[in-house]
Structure formats: structure tokens, C-alpha cells
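The block underneath contains the structure these notes are about, expressed in C-alpha cells.
Just so it is clear, the structure is predicted and the values come from calculations on it, not from any experiment.
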Amino acid sequence: MLFLLGFLLWVIGAAFSYFLYTPNPVLKLPPLSKNVNLVFDFKFHLFAKIFFNNALVGLLVSIIGFATGGILTAILFVYNGFMLGFIIQNALYLKMSKLSLAHSLLLHGPLEVVSLLYLGAIGFQGWTFYKMLLKNEMKFEFAQLPHLKTFILPFSGLLLAAIIEASI
């Protein structure tokens, strides 16, 4: 359920971007390839930048999201959805082929998004945690906080997604 909430917020952000944002012809973006390149060319510096950025977002939506009762998680999901819509809008405005755009997003995107949604579900659990604490339905114990092992799978997904994205 929390996973779907995160996905819905992501879609809302993308819809805001799609309906409210108009590409700016003066905007300086790096040139986009119009052709699909099926040859993978791994770039470590790009991988490191992508992975550490996504890992930071993952930590924010999970740990800080939990600490804020899921509020930061919701804000970041709407923002990330908006940025995805922004990227797609600008790519299409700059005449990037739809096949090339799909290639660049669909190879790594689903794994990255699912990993972040999984981490976001941890952040959203903070709402229930605080609600139960405030209603005196439970006493605080460290065992009730997210366990380290719950982070292994989603961070592995972010690692693999970054490797794929840096290779495109």
C-alpha cells in the first residue's frame, strides 16, 4: 500500500511537470543523441555520480522520511516525478527520438524507481510509528525502527540501475 502511495505521488509530480511546464528554447542542455546506441560504454565517474545521488535520495526518503513521518518522502517523490516529466518534456522538445528516449529511460528506470519506492515505503512507515507513539499504543524501542537488512535489496537495485545508466 505504501509502495503504491509513493508511485501515485511520483505520477502526480510528473503530471504537474507535463501540464504546467513549458520547455524553454533558451535553456542550455547538453546535446541529446537522436539515435539509439545499443553498445554499452561504462563510465565509472558517471556511475559514481549517479549512484551517490540516488543513494542520497534513497537515504532521504527512507531514514529522514521515517523521522519526518513520511512528509519528506512525499515531497521528494512529487519532486522526482516532476523532474522526470521535466527531462522527458525537454528531450522531446529538443527532438530526441522517442525510441532513444525510451531506451535511455526504460533500461535502468524501472529498477531505480522500484528501489526508491521500496525505500520510500520505509519512510512512510514513520507516520504509523509516530501515530502509535502519540496514542500510547506502543512504547518506543529501537527494535521498532527499520532494520539495516531492509536496505540491502533496494540499495542493490540502485547500484545495478546506476551501472546500467552509466553504461547507456
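Atom-to-atom distance recorded for I12:CD1 and S17:OG is 14.0 Å, nearest 0.5 angstrom. Here the straight-line distance linking atom NZ of K49 with atom NZ of K43 works out to 13.0 Å at 0.5 Å rounding. With rounding to the nearest 0.5 Å, the separation of OG in S62 from CG in L119 is 5.0 Å. The structure places CG of L117 at 7.5 Å from CZ of F7, a figure rounded to the nearest 0.5 Å.
When the side chains of ILVMFWY residues are joined at heavy-atom separations under 4.5 Å, either directly or via intervening members, L8 and I71 end up in two distinct hydrophobic clusters. Transitive grouping of hydrophobic side chains (ILVMFWY, heavy atoms separated by less than 4.5 Å) brings I63 and L56 into a common cluster. There is no path of hydrophobic side-chain contacts, each under 4.5 Å, that joins V11 to I75.
Every residue two or more places apart in sequence or in another chain that forms a side-chain contact (heavy atoms from CB on, under 4.5 Å) with F52 is listed here: A48. Partners of L72 by side-chain contact (heavy atoms from CB on, under 4.5 Å), not counting sequence neighbours, listed by chain and number: L60, I64, T68, L76. Scanning for side chain to side chain donor-acceptor pair (under 3.5 Å) contacts around E165 gives H108, with sequence neighbours left out. N54 meets the side chain to side chain donor-acceptor pair (under 3.5 Å) test with E112; sequence neighbours excluded. Considering only residues two or more places apart in sequence or on other chains, V78 meets the side-chain contact (heavy atoms from CB on, under 4.5 Å) condition with L9. Residues meeting the ring-ring contact (aromatic ring centres under 6.0 Å, His included) test with F44, sequence neighbours left out: F47. Looking at residues two or more places apart in sequence or on another chain, you find a side-chain contact (heavy atoms from CB on, under 4.5 Å) between K98 and L92.
I88 places a side-chain heavy atom less than 4.5 Å from the side chain of L105.
Counting side-chain heavy-atom gaps under 4.5 Å among Ile, Leu, Val, Met, Phe, Trp and Tyr, the cluster of I50 also holds L46.
Counting only residues at least two apart or in different chains, side-chain hydrogen bond (donor to acceptor under 3.5 Å, both in side chains) contacts with residues 117-128 are absent. Residue pairs meeting the ring pair (Phe, Tyr, Trp, His ring centres under 6.0 Å) criterion with at least one member in residues 54-79, sequence neighbours excluded, are W10-F77, F66-F129.
Here the shortest heavy-atom pairing between L2 and A121 reads CD1-O, 3.5 Å.
Between the side chain of S167 and the backbone N or O of I163, at least one donor-acceptor pair lies under 3.5 Å. Looking only at distances, a side-chain donor or acceptor of S104 sits under 3.5 Å from a matching main-chain atom of L101. Looking only at distances, a side-chain donor or acceptor of T73 sits under 3.5 Å from a matching main-chain atom of V61.
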Expected list for residues 150-161: side-chain donor-acceptor pairs under 3.5 angstrom, two or more places apart:
| from | atom 1 | to | atom 2 | distance (Å) |
| --- | --- | --- | --- | --- |
| T150 | OG1 | H147 | O | 2.5 |
| S156 | OG | I152 | O | 2.7 |

